[in-house]
Each structure stands twice: as C-alpha cells, then as structure tokens.
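Below: the structure, in structure tokens.
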Amino acid sequence: MHLKTTLLAPVALGAVVAASRNVRDIDPCAQITHLVADANEKKVDATVPHDLAYQCLKSMPFESDLATTFLTNVRKILEFQSTVDFLKSPPSGYKMPSVDLLGGIDTILDKAKGDGYSSQFEMDFEISKLIKSAHDSHLVFQLCSQTIFNYVIDLPLVSVSSDGLSLPEIYTLNDANVKEQNPKDVSPLVSINGTDAAKFLETYAFSQALQDQDAQYNRIFPASARSVTNTPISVNGLWTSSTEWSEGPELTIEYGNGTKQTIEKKASPTERFFSYDNGTELYTVNCIPRTLNSALSTSSTEEASSEVPGLPDTTWKNSANSVAGYFSKLTGLEDTGILFLPTFSSSPNDVSRVTVEFLKNATEAGKKNILIDLTGNPGGSISIGLDLFKIFFPEETPYTATRYRAHDAAKYLTKAESSDPSAGASNPFGYKMNVQPDQKTDFKSWDDLYGPHDTLGSSSSSLLANFNYTALSSTIFPINGYGPIAVDPKNALFPAKNIAILTNGECASTCALFLKLMKRQGVRTIAFGGRPTESPMQGAGGVKGGQSLQINYLNGYIQQANQAIQKAAGTSSPILSTSEWKRFNETSPNLTPSYSWSGNINLRNEYDPEDGETPLQFVYEAAECRRFYTLQNYLQQETTWQDAVGSMFGDAGCVKGSTSGEGSLDA
Ligand SMILES: *[C@@H]1O[C@H](CO)[C@@H](O)[C@H](O)[C@H]1NC(C)=O
Ligand SMILES: *[C@@H]1O[C@H](CO)[C@@H](O)[C@H](O)[C@H]1NC(C)=O
Ligand SMILES: *[C@@H]1O[C@H](CO)[C@@H](O)[C@H](O)[C@H]1NC(C)=O
Ligand SMILES: *[C@@H]1O[C@H](CO)[C@@H](O)[C@H](O)[C@H]1NC(C)=O
Ligand SMILES: *[C@@H]1O[C@H](CO)[C@@H](O)[C@H](O)[C@H]1NC(C)=O
Ligand SMILES: *[C@@H]1O[C@H](CO)[C@@H](O)[C@H](O)[C@H]1NC(C)=O
C-alpha cells in the first residue's frame, strides 16, 4: 500500500483525485478510512502504515477541562488500588521497577490543567504508560484513544532449544521448520535494530501486564496464543499484536549469517468499518460519552469447537474447551493423567464435573501421576480455584487472607456497607458477611474489619478471607464440601508428590492463587520458556492479587452505600454524620464519567499464612524446575506434557541453575 506517498506527491495528486478520491482525504484519518474501505471491498484484513495511524491519533483534539475532571477522578479511583504504597517503595522480592502511581497522575494532571497536551492520544498514552508500569493485569485502563488500533509486526518468531535444556535461539517460525530438514540453510536472528535480539525482545515485551520478565518474554512467541480458550495453538500468527504503540516505522533485523532484513510496522484498526473524516470526529465518537446509544458490544461469542488442534481427543471435557482431562499415547505418559485448564473464567459446574470424573477414571485406569497444565491461564473465578483445590485435597482448608487499602473513601464505604441490609454475600466492605482467614472467626464491628493497620508503611484493613466459603458455595458456584455441596471425592485421590503443575509463567490471579494453594500441600511446578538464561523462573509470573474489581463495580458499591446513607440520614441512627458524608463524597470517585472508558483495579492483596504484611505480588517464587520450548513443543502442545513429565516424575532433568533459586527449595 503506497497510498500515503502517492497522495502527498504533487504530481500524482491529480491522478488520485481523478480516481474519485477527494483532496480532503489528505487528512490522515480520512486516508485510513479509504484504505479500510478498499480492504473491506477486497475482503482482506485492513492494515495501514504504523505512522499513518500515529498521525491520525495525534490529530485528536485535547480539552483541558474534561481532562482535569477525568484525572481528578482517576486519582480517587487509584486510592483503592491495594498496591499503590508498595509499588512506590517495593519490598525486596519485587523484580520490576518501583512506580509512584499517584505522583505520576499528579504530574499528568498539572500538565493537563496547563493545557500541556496537543491531543487526547498524547495524554492517554502517558496515563496508559504509567498504569502499565504497575505490571498488574488487575489494574488495566482501556482509554478511548488507546484502543483504536492494534500494532502489528508480521514476523512470527519462536525461541527454541534443541533439547529443552540448552539455551534457546530465536528463529523465524518458517526458518525453525526448515532447520529440522536443512540446518545449514538457516540462521538464528541475532539482532534487531542493532540490539541483541533477545535483549530487544525483552525490552519490547516489558510493558506486558505481568510481574515477571520471563513470563513477559513468552508473550512474544506464539505459545501465548494458547491462553485464549478455543483459540487453536496458532503458529501462523503475528509476531505480536500488542496494543502498544512504539516509535518508528520499521525494524531492521539481522541473522547470524549476516543477512539483513527490514520489517515494516503496521497498525490495524480495531473497528472493522473504521470511517472517520478527521481526528475531531474520531475523538467525538470514541471519547465523548453518549447518553442514549450505549457503546456497541464488540464481544464475540466464540463457537465451541469440538477439538483443540495439537491435543489428543478426549471425552473428559466441556464444550468450551476450558477444562479437559487427557490420557496421552505419547511415550513416557503411560502413567500420567493430564488435566488442562487454560482459564478459570469457565463454567464452575463444568470444572467440578469434568475434574472429578477424570480423576476418578484416572485412578481406576491405574494412573500414578497427574500433570495440571495451566499454560497461559490468566485466572478467572476464585470460587473455581477454591473448588478445584478442594477436589484435589478434600481434607484441607484452603488458606486465603486479603487486605484492602485503608483511606477515607474505603473507611466510609466499610461503615455504610456494614449497616446496609441489601449488601451481598461477596461484598468485601461489610463486616457481617466477611470472615477471618481461619474461616471460623467473624468480625465484631465495621472497625474490627477496617482497622486500619500499618503494613510495611501502607495503611490497610484487617486480614479477611477472600470469602466465607460456606456462604459463597452454592449449586451454581460449588466449593467441594462447603455449603450445600457434599464432599466428593472424600479423600485425596493423588498424593501431592505425584501431582505437578505446568505453566509458561503467564499464570495470574486465580491461577496464581490455585498454584499457591497446591504448592502449600507440596505440589511442584515446572515453568517453560522465558529469556535465554540458565536461571530459575517463576511458575506464576502474573498478578497474585486477591480481588480484581471493575471500576463499574466500585462505582456500584459507592452508589449503594450512598443510598443506604441517604435512607438512614433522617432517622435516629444515621450511618454517617453530615461531615463524614461530605468527606465520603469528596473522596469517592464521581459516578458520571467525563470520557468513554473502562477499567479495573486490584482491590485486595493476598497474603501467606506466615506473613500477613507482604502482599504476594511482591514475593518472588521460583518454580521447582524449568525447561525451554523445543520446536516440537510449539507445534504440538502434547509434547510439553511429555517433557514436563520426564522432568518432574522421571530423570530428564531441568535447565541448569533453575532448581536452586530463591523459593525453589522451600516446598
Ligand atoms: C541467512 O539466514 C537467513 C535466515 O535464516 C536465510 O533466510 C538466508 O537465506 C541466509 N543467507 C545465506 C546467504 O545463507
Ligand atoms: C528501529 O530503527 C528504525 C529505523 O532506524 C527507527 O525508526 C525505529 O524507531 C527503531 N525502532 C525501535 C523500536 O527501536
Ligand atoms: C471533521 O469531520 C466532521 C465530520 O465530517 C466535520 O463535521 C468537521 O467539520 C470536520 N472538522 C474539521 C476540523 O475538519
Ligand atoms: C469413568 O468412570 C465412570 C464411572 O465408573 C464410567 O461410567 C465411565 O465410563 C468412565 N469413563 C471413561 C472414559 O473411562
Ligand atoms: C459463614 O457463613 C455461614 C452461612 O451463611 C454462617 O452460618 C457462618 O456463621 C459464617 N461464618 C462466620 C465465621 O461468620
Ligand atoms: C453526597 O452525595 C450524594 C449523592 O450525590 C448526595 O445525595 C448527598 O446530599 C451528598 N451529601 C452531602 C453531605 O453532601
């Protein structure tokens, strides 16, 4: 596509206009509109030059007043982010750089007040960068100008080790395939833009919402395509389709044999029928909230597929392929049953039904070991994690302990929700529905729950369990052995030493919690992939926070609290005094948004029984073993089970130096 250069070249301009294009098209957004229309006509995917997308985004206007209101609100929302104080001055186990989120917002706010931005994109990009530096997939902002394009580099790469233990090299996927037959014809990729390739990719992947550089590194390679339920293990994908805009129109890559190649960076509009005349229209439609006409839903309901490419057939699975059990015919897997869970955003009943039947059948079939494949699992419903743990270890009580951040808005929210008869069983702010981590002790009053307590310099609530399991467990959200759910199985079917967990480091949220609960019983973890270094790797490289909360829900709690306060205001027992209520209003976020956007925060930290002060996201925990991916592993996921089982239950070994890391010997 050379439309841009054609349009700008004076000689060609007449010809283009004659070909029914309008001079007005010179506006970068309008040029994209035409490129997209052409692509749709030809029924091909629309990609446009990276820099044209950038010019279009930069032409969005900036309105200082709206931005000021928005940022003031964002600051109040971030007061609820449980890690703000820890991120500013992290405990020593934290491997990512520190960040002052509130200070960062203040800086952006000052600049916005002074009309210091030339476009919405420019401001949003700074906010987005700041938020991403928390490396927390529970803290995510979808800002109006940041979701218009995906940025793509069409060069599928793999990081492959010849045997899973020696250091991997980076090849294009195509070359990796050729290498199997003709190793002399191809060379590994050694540098990108003059920087060592592995170093470059490490930096490129750095903004991912993971707390671990090895897990982030894996995101570059197609194995991460597995993370989405029902998405086949696509090895024909793009190098990355990150939503991260980056400087410059192209990349220069160099292979080991000296050959150089230039790769053009592209952008692809997220809207299939992208159609805007200019940046002002782009801004008005995407950033200014519409009162009636609610935003079009872009969620695609994915068709349940019967088979997952790269995996064997099985009868133990649900239709969404979000839980499955396998007996593999590959050599070395005769004694092992494999349970595969790519997500915890699943049907809770499917998970218990499939898992219980599979584990029972596996014992009947004489299987000795269970491998749980959690590759790419981003988490999901906590009740499923607790249930799954109780299916493996019915006699144990899963330990969960959380705290939320204490500040004025949270204090008055706790006071109000503690007196609110309509507050639900999963409301973290009401003292009556919450229990202490032992699941036996309740809270006596709102301030028994709220505290505050000083934990490593952060003001926090008392320790509360994620939920009262008995109150939470139901036929819809079963937790084995709690509430109306009869315990089944009654005893552990496999001892901890015969269970191993496989991850690629991209295990976050409920996945991290489940892994932690299993580890406390003595279950071991093997991590695959990561940077080319002989060192340990974390099994759960994603956020280990105890509750992800959509900002909509936070607003819902605040609205509900206000109603309860209002109701009690005229009575003999008001919930808040007038001055307290005023303070609550001042410190809690405004419910009317100034821009169209959505977001999420981490409301609660999660803690270990031995340490109720250091949030788990700041504790480094290496997997007991690590392997690198081989080409076979990328092409056929089943072979990762074979290699993992060889390392965990056989004598195939682990990457040198990977078994001696901090945290890897304490299980
Ligand atoms: C050098 O390596 C690249 C990448 O594998 C390959 O495409 C190219 O053909 C090689 N060039 C020569 C001269 O061998
Ligand atoms: C790579 O080099 C190109 C050409 O010199 C430059 O425009 C671009 O900014 C560089 N990209 C990165 C990500 O460093
Ligand atoms: C931008 O496009 C809209 C819609 O076509 C139009 O109404 C408006 O005048 C244009 N604004 C500018 C600054 O060109
Ligand atoms: C699993 O066990 C149940 C109950 O014993 C049995 O009915 C079923 O056929 C078994 N399934 C498989 C696939 O072996
Ligand atoms: C947990 O919830 C159950 C069911 O609602 C209730 O009976 C029990 O008292 C609660 N536990 C505590 C410690 O409050
Ligand atoms: C607090 O805000 C609510 C909702 O906007 C309002 O109804 C109430 O009067 C305010 N209270 C005080 C004391 O300002």
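Keep in mind that the numbers below use all heavy atoms, side chains included, and drop hydrogens, waters and symmetry copies. Start at 1 and go down the list; that is how both ligands and their atoms are numbered. This is a predicted model, so every value here is computed, not measured.
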Between L413 and Y404, does the side-chain contact (heavy atoms from CB on, under 4.5 Å) criterion hold? Intermediate values first, please. CA-CA 12 Å; L413 198 50; Y404 55 87; over 6 Å; no
Here the gap from W446 atom CH2 to E417 atom CD, rounded to the nearest 0.5 Å, amounts to 13.5 Å
Give the numbers and elements of all ligand 5 atoms closer than 4.0 Å to a heavy atom of V435. 11 (N), 12 (C), 13 (C), 14 (O)
Check the orientation of Y557 and F429. Use parallel for under 30°, tilted for 30 to 60°, and perpendicular for over 60°. perpendicular
With rounding to the nearest 0.5 angstrom, report the CD1 to OG distance, I382 to S509. 6.5 Å
Purely on distance, is any nitrogen or oxygen of Q439 under 3.5 Å from one on ligand 5? no
Name the closest protein heavy atom to atom 10 (C) of ligand 5, giving the residue it belongs to and the distance to 0.1 Å. N468 ND2, 2.6 Å
Please could you name the atoms of ligand 1 that T259 approaches to less than 4.0 Å, counting only its heavy atoms? 1 (C), 10 (C), 11 (N)
May I ask you to say whether D488 pairs ionically with K360, meaning some side-chain N is under 4.0 Å from a carboxylate O? yes
Determine whether a donor-acceptor pair (N or O, by modelled atom type, separation under 3.5 Å) exists between the side chain of S322 and the backbone of T343. no
As an exercise, identify every atom of ligand 5 less than 4.0 angstrom from a heavy atom of D442. 14 (O)
The answer for which part of K440 has a heavy atom under 4.0 Å from ligand 5 is backbone
NZ-CG distance between K432 and D442, expressed to the nearest 0.5 angstrom: 11.5 Å
Can you list the ligand 4 atoms lying under 4.0 Å from a non-hydrogen atom of E364? 2 (O), 5 (O)
For the pair F528 and Y629, name the ring-plane relationship: parallel under 30°, tilted 30 to 60°, perpendicular over 60°. tilted
Only heavy atoms of V186, strictly under 4.0 Å: list the atoms of ligand 1 that pass. 5 (O)
Pull out every atom of ligand 5 sitting under 4.0 Å from any heavy atom of A471, numbered as shown with elements. 2 (O), 5 (O)
Only heavy atoms count here, so choose which of N257, D175, V178 is nearest to atom 4 (C) of ligand 1. D175
Verdict with reasoning, F443 to Y450, per ring-ring contact (aromatic ring centres under 6.0 Å, His included): CA-CA 10 Å; F443 293 98; Y450 178 76; over 10 Å; no
If you count the atoms of ligand 1 from 1 in the order shown, which ones are under 4.0 Å from a heavy atom of S187? 2 (O), 4 (C), 5 (O)
Verify atom 7 (O) of ligand 5: protein non-hydrogen atom under 4.0 angstrom away: no
Identify which of T315, N361, T314 has a heavy atom lying nearest to atom 1 (C) of ligand 4. N361
Tell me: protein heavy atom nearest atom 13 (C) of ligand 4, and distance? W316 CZ2, 3.4 Å
Do me a favour and list the nearest non-hydrogen protein atom to atom 9 (O) of ligand 1 with residue, atom name and distance? D185 O, 4.2 Å
Classify the angle between the aromatic ring planes of F327 and F358 as parallel (below 30°), tilted (30 to 60°) or perpendicular (above 60°). tilted
